[in-house]
Number of protein chains: 2
Amino acid sequence: MLLAPREGALHVLVDKPLRGSAHLPWVSPRGGETLPTSARLLARRTAGAEPGWMEQLQAFGDQLKHPGSASVSVAYVGVISAPAADGRTARGAAWVPVAHAGLAGRHAAILESALDTMRVRLDHAPVAFKLLPPTFTLSELQRMYELLLGWTLHKASFRRSLQAAYLVEPTDEWRSEGRGRPAQLYRFAPRKRRQSRRGVRFDVLGH
Amino acid sequence: MLLAPREGALHVLVDKPLRGSAHLPWVSPRGGETLPTSARLLARRTAGAEPGWMEQLQAFGDQLKHPGSASVSVAYVGVISAPAADGRTARGAAWVPVAHAGLAGRHAAILESALDTMRVRLDHAPVAFKLLPPTFTLSELQRMYELLLGWTLHKASFRRSLQAAYLVEPTDEWRSEGRGRPAQLYRFAPRKRRQSRRGVRFDVLGH
DNA sequence: TCAATAGTGTCTGTTAGACATTATGGA
DNA sequence: TCCATAATGTCTAACAGACACTATTGA
C-alpha cells in the first residue's frame with residue numbers, strides 16, 4: 001500500500017477496475033526476489049517511483065487451495081514524496097484521498113492498519129523527512145507531520161520536541177513565502193538517541 | 001515463538017536437535033487452516049497448551065525455490081501461563097530462559113523482535129492478565145509485568161497507572177503470603193478506555 | 001500601516017519517579 | 001518486639017498544551 005501527500009491531503013494508490021470496487025495493488029513475486037524487493041518493484045511499477053520509506057505490515061492467510069500449498073498475502077506500506085508521486089502511474093492505478101478511498105471490507109481494514117503502523121513509526125523512523133526536500137522550514141515539517149497523522153499539532157510543543165530529539169539542524173538560509181516573516185531552512189541531521197520512555201502506560205485494551 | 005514465565009524468568013520454547021544449534025518450532029500449514037489456526041495448533045503440539053495471547057510478528061521471505069512458488073515463513077509470538085507451560089512438551093522441545101536461548105543468527109533476531117512486539121502490546125492487550133489466575137495481588141501483577149518487560153517498575157507509579165486505566169477492581173478477599181501484611185486480591189475488570197496519548201514524541205531513529 | 005507568518009517566553013496541569021510514612025500480619 | 005510486605009501520601013522534575021508576545025516580511 002502506497003501513501004503520498006498530495007494537495008494537502010494524504011492519498012493512497014488504488015487500482016480502479018472498470019467494474020467492481022477499488023482495491024490495493026498486488027503482485028505475485030517472481031522467483032529469486034525477496035519480499036521487500038518484490039514490494040519495491042511493485043511500487044515502481046504501479047506508482048512510477050520507489051518509496052522513501054517502506055515497512056511490512058502483516059501477512060494474511062488467503063483461502064488455501066489444496067493441502068501443502070499455502071497461499072499467503074504479505075502486505076507492505078510505503079510512502080512516496082509529492083514530486084515523485086507526480087510521475088505516471090500504471091494504467092488503472094490512481095491516487096485517491098485516504099478519506100475517500102472507497103475500498104471494500106478487507107482492504108479498508110488493511111488501509112486502517114497501514115495508517116496506524118505508519119503513524120507509530122513516525123516517531124521512530126524518518127518517514128516525514130523522506131517526503132520533504134533536503135532543506136525545509138519547520139512549518140513545512142509540521143504540516144507534513146499533521147498530514148500524515150491526520151490531526152493538528154501544537155506549534156511550540158512541536159518545536160520543543162524537535163529540539164529535544166536533536167533531529168534537525170538549522171542552515172544559514174531563509175525563505176520568504178508570500179506574506180509573513182521568512183522562515184529559516186533546516187536539514188535533517190539526527191545527532192542523538194532519546195533514551196526510551198520511562199515507566200509503564202496502560203492504554204486502550206482491545207478487550 | 002512461545003513465551004512463558006517460569007521460576008521468575010521469561011522462558012522461550014525451543015527445539016533442541018541432537019546436533020546443531022537450537023531453533024524455534026515451526027510447521028508447514030496443512031490445507032484448510034488459517035494462519036492463526038496453524039500457529040495455535042503448533043503451540044498445542046509443541047508446548048502442550050494454547051497461548052493465552054498470540055499475535056503475528058512478521059513474514060520472512062525464505063530462499064525462493066523456483067519461479068512462481070514463493071516460500072514465506074510467518075512468525076507468531078504467544079504467551080503461555082506458568083501452570084499451562086508445566087505440561088508435557090513435544091520431544092526435543094524445551095523451555096529455556098530467553099537470556100540463554102542459544103539461538104543462531106536469524107532466529108536470535110526473531111526472538112528480539114518478538115520480545116519488542118510483546119512488550120509494546122503489553123499496554124494495549126491483556127497479555128499479563130492472561131498469565132495470572134482470575135484473582136491476584138497487585139504485587140503479583142507487577143512482578144508479571146517486570147518479568148515480561150525485563151526491567152523493574154516503580155511500585156507507586158505502577159499502581160497509579162493501573163488505577164488511572166481502570167483495569168482492575170478489588171475483591172473483598174485478602175491473601176497472606178509468609179511474613180508481611182496481607183495483600184488484597186484484585187480481578188481483571190477493564191472499565192474505560194484511555195484516550196490516546198497527546199502530542200508527538202520523537203524517539204529513537206533507526207537512522 | 002496592516003495582515004500574515006515565524007519564532008519564542010511564560011504559565012499551568014499532568015504525571016513519573018523518589019522518598020517517606022503508615023498499616024498489618026508472621027516469626 | 002522485630003521484620004517483611006502492603007498500601008498510600010507528598011514532593012519534585014519533566015513536559016505537553018495554552019496563551020501571549022515579539023520579529024519580520026509583503027501587500
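Keep in mind it's a predicted model, so treat the numbers as computed, not measured. Sequence lines set the chain letters: A, B, ... in the order given, protein chains first and strands last, and positions in each chain run from 1.
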Notebook entry, point to check: Which whole-number value in Å describes the distance from A:Q184 CD to D:dT25 P?
Noted result: 13 Å

Item checked: B:L185 CG - D:dA6 C1' separation (whole Å) -> 12 Å

Next item on the list: Please step through side chain to side chain contact (heavy atoms under 4.5 Å, CB included) for the pair B:L141 and B:F129, ending with a clear verdict.
Entry: CA-CA 8 Å; B:L141 181 61; B:F129 298 99; 3.7 Å; yes

Checklist line | Distance in angstrom units between A:R175 CZ and C:dA4 P, rounded | finding: 21 Å

Checklist line | A:F158 CZ - D:dA18 C1' separation (whole Å) | finding: 18 Å

Next item on the list: Write down the distance between CG (B:L162) and P (D:dT8), rounded to a whole number of angstrom.
Entry: 12 Å

Check: Expressed in angstrom and rounded to an integer, what is the separation of B:R159 atom CZ from D:dG9 atom P?
Finding: 12 Å

Check: Is there a donor-acceptor pair closer than 3.5 Å between any side-chain N or O of B:S161 and the backbone N or O of B:S157?
Finding: yes

Notebook entry, point to check: By side-chain hydrogen bond (donor to acceptor under 3.5 Å, both in side chains), which residues pair with B:R119, not counting sequence neighbours?
Noted result: none

Check: Please give, in whole Å, the distance from D:dT25 P to A:E177 CD?
Finding: 14 Å

Next item on the list: For DNA chain C, find the residues of residues 136-146 of chain A with a heavy-atom distance under 4.0 Å and give them by number; none if there aren't any.
Entry: A:S139

Margin query: Walk along nucleotides 18-27 of chain C from 5' to 3' and tag each nucleotide B, S or - by protein heavy-atom contact under 4.0 Å, base first, then sugar-phosphate.
Written below: B----BBBBS

Can you give me every donor-acceptor pair (side chain of residues 52-59 of chain B, partner residue at least two apart or in another chain, under 3.5 Å) with its distance?
from: B:E55; atom 1: OE1; to: B:R121; atom 2: NE; distance (Å): 3.3
from: B:E55; atom 1: OE2; to: B:R121; atom 2: NE; distance (Å): 2.5
from: B:E55; atom 1: OE2; to: B:R121; atom 2: NH2; distance (Å): 3.1
from: B:Q56; atom 1: OE1; to: A:A59; atom 2: N; distance (Å): 2.5
from: B:Q56; atom 1: NE2; to: A:A59; atom 2: O; distance (Å): 2.8
from: B:Q56; atom 1: NE2; to: B:Y76; atom 2: OH; distance (Å): 3.4

When the side chains of residues 92-105 of chain B are checked against the rest of the protein, which donor-acceptor pairs come out under 3.5 Å, sequence neighbours left out?
from: B:W95; atom 1: NE1; to: B:A85; atom 2: O; distance (Å): 3.3

Notebook entry, point to check: In whole Å, what is the span from the CD atom of B:Q163 to the P atom of C:dT14?
Noted result: 15 Å

Notebook entry, point to check: Do B:M1 and B:M118 touch side chain to side chain, with heavy atoms closer than 4.5 Å?
Noted result: no

Side chains of residues 176-189 of chain B: which donor-acceptor pairs under 3.5 Å do they make with residues two or more places apart or in other chains?
from: B:Q184; atom 1: NE2; to: B:T171; atom 2: O; distance (Å): 2.9
from: B:R187; atom 1: NH1; to: B:E169; atom 2: OE2; distance (Å): 3.0

Notebook entry, point to check: Is a side-chain N or O of A:H107 found less than 3.5 angstrom from the main chain of A:H23, in a donor-acceptor match?
Noted result: no

Margin query: Looking at every non-hydrogen atom in both residues, tell me the closest pair between A:L153 and A:E146 and how far apart they are.
Written below: N-OE2, 2.8 Å

